Amino acid sequence: MSAIEVGGPARHQVGPAAAGRGGAGSPGTVLVAVGAFLLTLAALLPLYVYDRVALLPAAAEFDVRMVDEGAWYLNTSTWSWTEASALTRVTRVDASAHGGDWSAWEMSVDTSVPERMIDHWSRRVIVDRETGRAVNCCGEHVDGDHAVRQAGLVFFWPPGAGEGDRSFYDAELRAAPAMELQGEEEVAGVPVRRYTQTIETTQVPDSARPVPAGLFRPEASGTVTATRWIEVDRTFWVEPVSGIVVNVHETRSETLRPQNDSGEAPLLHTELAMVDQQVSAYAEQARVRSLLLRSLNSWAPWTLAPLGALAVLAGLVRSRRATSAAGREESRVPGDTGVPGEHGRVTP
């Protein structure tokens with residue numbers, strides 16, 4: 001009777017060495033995980049992150065300052081037609097968050113000459129941060145008129161908007177005539193689209209007020225009720241990827257007309273242009289924001305997606321090779337070196 005005693009090394013190896021053959025910590029698995037992350041990120045950047053980053057700021061404070069060094073205006077202290085050494089029109093905006101994707105803009109517009117303020121009005125408008133358009137809601141008004149229903153763009157264009165005309169709200173006229181695309185240009189080194197809005201001579205709603213009758217008939221005395229009429233040509237230069245307005249020009253003529261009589265008197269004539277410092281600042285802001293949005297919407301996804309696919313492919317190939325090698329090793333008889341009795345002995 002005999003017994004067989006088996007000695008030598010263990011038949012199956014466990015621990016770190018086994019994990020290295022395709023387990024959770026193997027290089028192939030890590031490459032697949034990294035590739036899956038890159039592919040997911042490539043999809044999320046244009047489909048989700050871009051949409052959130054492209055929204056107009058919920059809270060902001062800014063102003064648009066326009067000047068004319070040779071404007072004419074009606075001096076209401078003397079009721080005389082006067083040339084201004086400098087006329088300034090400043091639009092101030094104080095925006096605050098209003099709900100998830102809206103912003104409430106408190107706006108004021110001041111037109112002044114060095115000696116005095118010649119016009120002031122205010123406005124509250126709710127802005128859709130995605131489209132840049134006015135939303136009829138929540139205490140909107142134009143100079144205290146809460147019956148208005150504002151529509152169209154308020155100031156910024158929607159980021160990434162295609163070519164085409166856009167309605168743009170003129171708060172003084174309570175209307176949104178079209179901003180017509182005229183072509184593409186470059187401002188301060190930034191590619192932009194040029195839009196124009198032309199408003200024919202139109203009466204300003206609720207503008208009736210008493211004025212000297214002598215403005216219309218030199219021999220007349222007393223006062224008459226007159227309304228304000230305006231004619232405007234606007235040009236906006238817009239960086240299309242970010243929707244930021246880089247420059248603005250505006251030619252404006254205003255007159256007074258008696259309600260129940262003929263004739264008219266000049267009230268204001270000015271050719272306004274945004275100050276150079278603001279043009280440079282807005283151009284740089286548009287350049288930086290355009291670069292960010294382009295990166296999120298195209299450059300980064302088109303870079304990350306191929307890298308992710310290559311990482312997944314390399315990981316799968318590496319894992320398969322590791323699995324095949326492990327299979328070949330385990331198919332061999334453990335301890336079989338071809339030398340009888342080397343790893344075991346037979347005792348009689």
Side-chain angles (χ1 to χ4, degrees), residues 63-92 107-123 141-148 150 152 168-180 196-236 247-275:
D63 63 67
V64 178
R65 185 175 298 270
M66 304 176 70
V67 297
D68 181 4
E69 302 295 338
W72 288 81
Y73 71 101
L74 183 64
N75 187 336
T76 55
S77 63
T78 61
W79 296 103
S80 60
W81 189 236
T82 305
E83 183 177 11
S85 57
L87 183 142
T88 304
R89 183 180 175 92
V90 180
T91 302
R92 294 183 175 86
M107 305 177 66
S108 65
V109 180
D110 295 324
T111 304
S112 62
V113 294
E115 299 81 17
R116 63 181 56 84
M117 182 79 68
I118 62 175
D119 189 36
H120 167 85
W121 55 272
S122 61
R123 172 188 180 192
H141 72 84
V142 173
D143 216 20
D145 181 2
H146 291 271
V148 297
Q150 302 177 68
F168 188 95
Y169 191 73
D170 186 301
E172 291 178 283
L173 295 180
R174 319 294 203 264
M179 278 277 187
E180 299 178 354
T196 60
Q197 183 187 58
T198 300
I199 300 174
E200 303 295 339
T201 305
T202 306
Q203 180 179 330
V204 177
D206 302 323
S207 62
R209 61 172 174 169
V211 299
L215 287 175
F216 311 104
R217 299 181 185 277
E219 71 282 0
S221 59
T223 62
V224 296
T225 299
T227 54
R228 179 168 156 243
W229 294 67
I230 64 175
E231 178 182 343
V232 181
D233 285 312
R234 292 189 177 96
T235 303
F236 277 57
N247 195 7
V248 182
H249 284 183
E250 181 176 306
T251 299
R252 170 181 290 262
S253 294
E254 301 185 9
T255 57
L256 291 172
R257 296 183 181 182
Q259 277 190 326
N260 302 312
D261 202 348
S262 60
E264 67 177 24
L267 182 62
L268 175 69
H269 180 78
T270 180
E271 296 181 5
L272 294 159
M274 188 184 291
V275 296

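Here the structure is a predicted model, which is why all the values come from computation and not from measurement.
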Do you know which two heavy atoms are closest between G263 and F216, and how far apart they sit?
C-CD2, 4.2 Å
What are the two closest heavy atoms between A213 and S221, and how far apart are they?
CB-O, 3.6 Å
Donor-acceptor contact present, side-chain D68 to main-chain L87, <3.5 Å
no
Aromatic rings H141 and H146: how do their planes relate, parallel, tilted or perpendicular, breaks at 30° and 60°?
tilted
So, Q197 side chain and F168 main chain: donor-acceptor pair closer than 3.5 Å or not?
yes
Can you name the nearest heavy-atom pair linking L173 to Q203, along with the distance?
CD2-O, 4.0 Å
All heavy atoms of V204 vs all of E172, minimum pair found to be CG1-O, 3.5 Å
Nearest 0.5 Å please: distance from the CG atom of L268 over to the CD1 atom of I118.
5.5 Å
What is the minimum heavy-atom distance between W81 and H269, and which atoms define it?
CH2-N, 3.9 Å
Between the main-chain N or O of G214 and the side-chain N or O of R217, is there a donor-acceptor pair closer than 3.5 Å?
no
When you measure from the side chain of T202 to the backbone of E200, do you find a donor-acceptor pair of N or O atoms at a distance under 3.5 Å?
yes
Taking side-chain hydrogen bond (donor to acceptor under 3.5 Å, both in side chains) as the test, write out the residues that go with T227, two or more places apart.
W229
Can you see which heavy atom on P266 is nearest to which on L74, and at what distance?
O-CB, 3.7 Å
